[in-house]
There are 2 protein chains.
Amino acid sequence: MVEFVDARGDDPKEVVSRLRRPGGFLSEPVRKVARDIVSDVRDGGDEALLAHTERLDGVRPDPIRVPLEEIQAAKASLSPEVKESFGVAIENVRFFHKRELDRPFETSRAGATVGQRIRPIRRAGIYVPGGHGAYPSTVVMAAVPAQVAGVPEIAVCAPPGRDGSVSRHVLAVAGLLGLDEVYRVGGAQAIGAMAYGTESIPPVLKIVGPGNDYVTAAKLEVFGHVGVDAPLGPSEVVVIAEAGAFPERVARDLMAQAEHLSGASAILLTPSEELMRSVEPLLTGEPAELITLVRVRDSAHAVELTNLYAPEHAHIISEDPEAILQDLDAVGMVAVGDFTPVALGDYGAGPSHSLPTNGAASWASALGTHDFTARTNYIHYGPEALADLGPHVMRLARLEGFPNHAESVGVRLPKGG
Amino acid sequence: MVEFVDARGDDPKEVVSRLRRPGGFLSEPVRKVARDIVSDVRDGGDEALLAHTERLDGVRPDPIRVPLEEIQAAKASLSPEVKESFGVAIENVRFFHKRELDRPFETSRAGATVGQRIRPIRRAGIYVPGGHGAYPSTVVMAAVPAQVAGVPEIAVCAPPGRDGSVSRHVLAVAGLLGLDEVYRVGGAQAIGAMAYGTESIPPVLKIVGPGNDYVTAAKLEVFGHVGVDAPLGPSEVVVIAEAGAFPERVARDLMAQAEHLSGASAILLTPSEELMRSVEPLLTGEPAELITLVRVRDSAHAVELTNLYAPEHAHIISEDPEAILQDLDAVGMVAVGDFTPVALGDYGAGPSHSLPTNGAASWASALGTHDFTARTNYIHYGPEALADLGPHVMRLARLEGFPNHAESVGVRLPKGG
């Protein structure tokens with residue numbers, strides 16, 4: 001059943017607290033399961049990894065790493081049309097992320113140089129979910145930013161099917177991108193294996209990619225030992241639509257997000273009672289259970305609710321969508337205007353489709369090259385610059401009770417200086 | 001006792017595994033304590049926060065929030081000299097971070113616009129450690145990047161002394177920076193309070209700042225619900241010094257890092273037996289226990305070990321320090337050249353002194369404006385651009401089994417298109 005909310009007279013925070021948002025990966029039972037699996041794999045290596053894979057996926061993949069010939073065969077088996085479409089997606093995603101790449105800087109004044117290097121992480125792990133389907137697009141959306149960032153080693157984990165093999169399309173895209181390190185394991189056990197390493201899987205320094213609640217919880221468990229991206233949980237969209245929107249299009253936008261199922265959430269914010277009434281009959285089947293239609297006062301009210309909810313995606317269907325874009329401040333990706341369905345972003349407009357969910361858009365970014373680089377700051381002082389700053393540093397170090405800090409400056413200043 | 005290592009003939013990975021690195025915040029007992037405190041505060045609010053504060057700090061601060069007059073009085077009590085030195089530090093840190101700030105972009109081709117906004121996080125929390133001393137410099141090093149990023153609400157937590165008050169210098173720097181929201185609570189309980197909110201402390205969206213093992217472990221626990229920065233644990237330095245280095249200076253550099261105690265680690269990498277022998281007698285007292293002198297083959301060997309160890313700080317004392325800087329790829333901050341003691345960075349050369357520790361420099365960045373911003377991507381397609389990309393998206397969406405994704409494009413294409 002589609003849910004209706006009339007938000008016009010209510011406190012915005014209270015409205016947002018009523019909107020569907022599962023966030024199961026933060027629940028203590030899920031965290032506990034993920035923690036136990038991760039520590040089993042940390043302590044038990046391949047044997048624990050295979051035991052959990054057998055228990056959860058019904059198969060013991062052998063070998064764990066996909067043979068290169070299998071990747072090449074999958075790539076060769078692609079139809080020319082599908083290969084072309086993946087090629088277009090890869091080119092767009094590469095174009096966007098080349099533009100996104102952070103740039104180093106260096107600046108000098110009065111004999112003091114300060115700067116920042118941007119360097120690729122040496123080895124990254126990408127999780128590609130399986131389960132209900134296969135997501136070759138996720139390989140594009142995580143591996144291309146990693147490659148643009150210059151990551152020299154990229155490992156991919158994807159859950160095996162009942163026959164022990166990884167989706168042919170996932171392997172084919174790996175082949176198109178020149179990735180040759182793919183492991184047929186999934187779930188929290190794959191996260192544990194990438195974080196701590198096993199006999200078959202050398203450990204990575206950072207793990208990215210979307211997954212189910214257990215995968216996401218496992219990433220939270222290993223964070224600190226390795227890096228991880230933002231929580232990429234069940235998919236969400238807020239569609240902000242004015243009275244002039246076409247109901248059939250809005251209905252498809254909502255159904256598209258909701259057909260992810262697994263706790264997805266699709267919300268329409270509109271001031272138009274008529275639009276709501278026209279859209280509602282077009283929402284059918286299981287996805288309709290995950291859709292909420294919210295009556296708002298006006299566009300400003302819609303923006304206020306969206307910023308509080310901080311959705312993974314927003315789609316703006318308005319006479320002046322750019323104005324609304326400028327007011328949104330907590331969304332993973334915004335699709336602007338009626339001719340930009342969110343699906344374009346999902347498959348290849350340019351930005352990664354790996355986006356913060358469950359409100360994390362209020363503090364986290366879309367996956368990008370910045371997830372595959374780290375910043376090293378540096379300072380280079382000459383003797384005069386040291387003489388200028390040194391006495392201040394000595395004073396503050398002594399104030400905090402660190403005489404050796406002060407003296408590490410003092411021994412470098414001219415005597416009597 | 002200073003420790004000696006001869007690394008010349010050994011496997012680099014094996015050498016690095018022998019170097020001191022506590023990383024206690026990742027241990028399961030510490031994680032468990034932090035988890036329990038955080039969940040107590042989440043469930044119990046102010047009462048739980050005060051109970052843990054009384055148990056650990058011996059006092060129940062009342063009120064929890066520092067009155068504004070106290071901040072103003074602390075600021076007014078600063079001597080002109082100390083005020084000037086903090087002013088110099090603040091100006092340098094602001095200068096660096098203005099330069100660092102990520103920039104938005106937008107680019108169009110063939111009717112398709114893609115772009116990225118960089119937006120400040122709405123509300124951030126800064127942890128300022130106490131314990132052995134007071135660290136007003138940490139307020140500068142976290143709050144200035146937050147302010148440059150444009151964060152409108154900044155909350156500060158600092159542990160109370162036995163008398164229930166926060167260090168006067170911490171309050172004074174808060175006053176200098178115009179911060180008026182300071183809470184006298186510390187430890188894992190302060191992290192829990194900022195993450196989940198209590199009656200006295202409105203929740204924040206992201207928590208940053210260094211702390212002891214329990215504070216760091218608590219940040220890992222709340223990650224996912226809120227954002228956190230990299231693990232900022234016990235301090236570390238690697239000093240890479242050639243034969244020409246002055247022993248007295250090198251000794252001070254090592255002692256400066258080691259005087260942080262609490263699991264700090266200071267390592268000298270040098271090819272010079274003579275330098276090691278000259279430095280060793282200058283290392284005294286408790287800090288000397290935390291210092292390791294490592295004999296390496298040459299500078300390239302030193303770089304290899306440093307990159308594997310991924311220290312918080314590196315200091316390069318060499319005839320050609322710039323060349324070594326270019327080869328380092330996993331360090332939080334590098335101090336380049338003999339006239340640049342690390343202490344300059346600690347107190348006010350420009351970059352933040354909040355840096356990834358325990359090897360996290362291999363995947364994480366120095367604290368900076370990027371910790372206080374998030375990226376929102378957007379796409380804006382016109383009808384022609386949709387007609388170009390749309391069929392590819394429809395094909396890939398159907399391949400993955402998402403007919404509504406495909407139709408959200410299809411309903412926007414010309415009939416028969």
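Lettering of chains follows the sequences in order, A, B, ..., and the numbering in each one begins at 1.
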Answer with side chain, backbone, both or neither: which region of B/Asp371 has an atom nearer than 4.5 Å to a non-hydrogen atom of chain A? neither

So, the part of A/Ala112 with a heavy atom under 4.5 Å from chain B: the answer is neither

When the 4.5 angstrom heavy-atom criterion is applied to B/Arg412 and chain A, the contacting part is both

B/Pro104 versus chain A, the contacting section by heavy-atom distance below 4.5 Å: neither

CZ of B/Phe246: more than 12 outside heavy atoms within 6.0 angstrom? no

Examine whether an atom of B/Arg123 lies under 4.5 Å from a heavy atom of chain A, and if so say whether it belongs to the side chain, the backbone or both; otherwise answer neither. neither

So which of B/Arg122, B/Lys206, B/Glu28 has the largest heavy-atom pair count under 4.5 angstrom toward chain A? B/Arg122

Are any of the side-chain heavy atoms of A/Val342 and A/Asp253 separated by less than 4.5 Å? no

Scored by heavy-atom pairs under 4.5 Å with chain A, the best of B/Glu248, B/Glu100, B/Glu84, B/His225 is B/Glu100

Among B/His260, B/Gln257, B/Arg252, which one satisfies side-chain hydrogen bond (donor to acceptor under 3.5 Å, both in side chains) with A/Asn404? B/Arg252

Can you say whether B/Glu322 sits under 4.5 Å from chain A via the side chain, the backbone, both, or neither, judging by heavy atoms? side chain

Which atoms of A/Arg109 are under 4.5 Å from chain B, going by heavy atoms: the side chain, the backbone, both sets, or neither? side chain

Determine the interplanar angle of the B/Tyr347 and A/His405 rings, folded into 0 to 90°, and report it as parallel if under 30°, tilted if 30 to 60°, perpendicular if over 60°. perpendicular

Which atoms of B/Phe86 come close to chain A, meaning under 4.5 Å heavy atom to heavy atom: side chain ones, backbone ones, both, or neither? both

At a heavy-atom distance under 4.5 Å, which candidate from B/Met333, B/Arg117, B/Arg375 has the highest pair count against chain A? B/Arg375

Counting only heavy atoms closer than 4.5 Å, note whether B/Val82 contacts chain A via side chain, backbone, both or neither. both

Heavy-atom check, side chain of A/Thr284 versus side chain of A/Met255, under 4.5 Å: yes

Heavy-atom proximity to chain A below 4.5 Å, by part of B/Pro120: neither

Segment of A/Pro383 engaging chain B (4.5 angstrom heavy-atom cut-off): both

Does the cation-pi check pass for B/Arg249 over B/Phe339, that is, NZ or CZ under 6.0 Å from the six-membered ring centre and within 45° of its axis? yes

Go through the atoms of B/Asp388 and report whether side chain, backbone, both or neither lie under 4.5 Å from a heavy atom of chain A. neither

For A/Asp102, is it the side chain, the backbone, both, or neither that has a heavy atom closer than 4.5 Å to a heavy atom of chain B? side chain

Looking at A/Pro391, A/Ser39, A/Pro136, which makes the most heavy-atom pairs under 4.5 Å with chain B? A/Pro136

Heavy-atom pairs under 4.5 Å with chain B are the metric here; pick the option from A/Ala230, A/Gly359, A/Ala330 that has the most. A/Ala330

So what's closer than 4.5 Å to chain A heavy atoms on B/Leu325: side chain, backbone, both or neither? both

Hey, which of B/Val409, B/Asp346, B/Asp338 has the most heavy atom pairs under 4.5 Å with chain A? B/Asp338

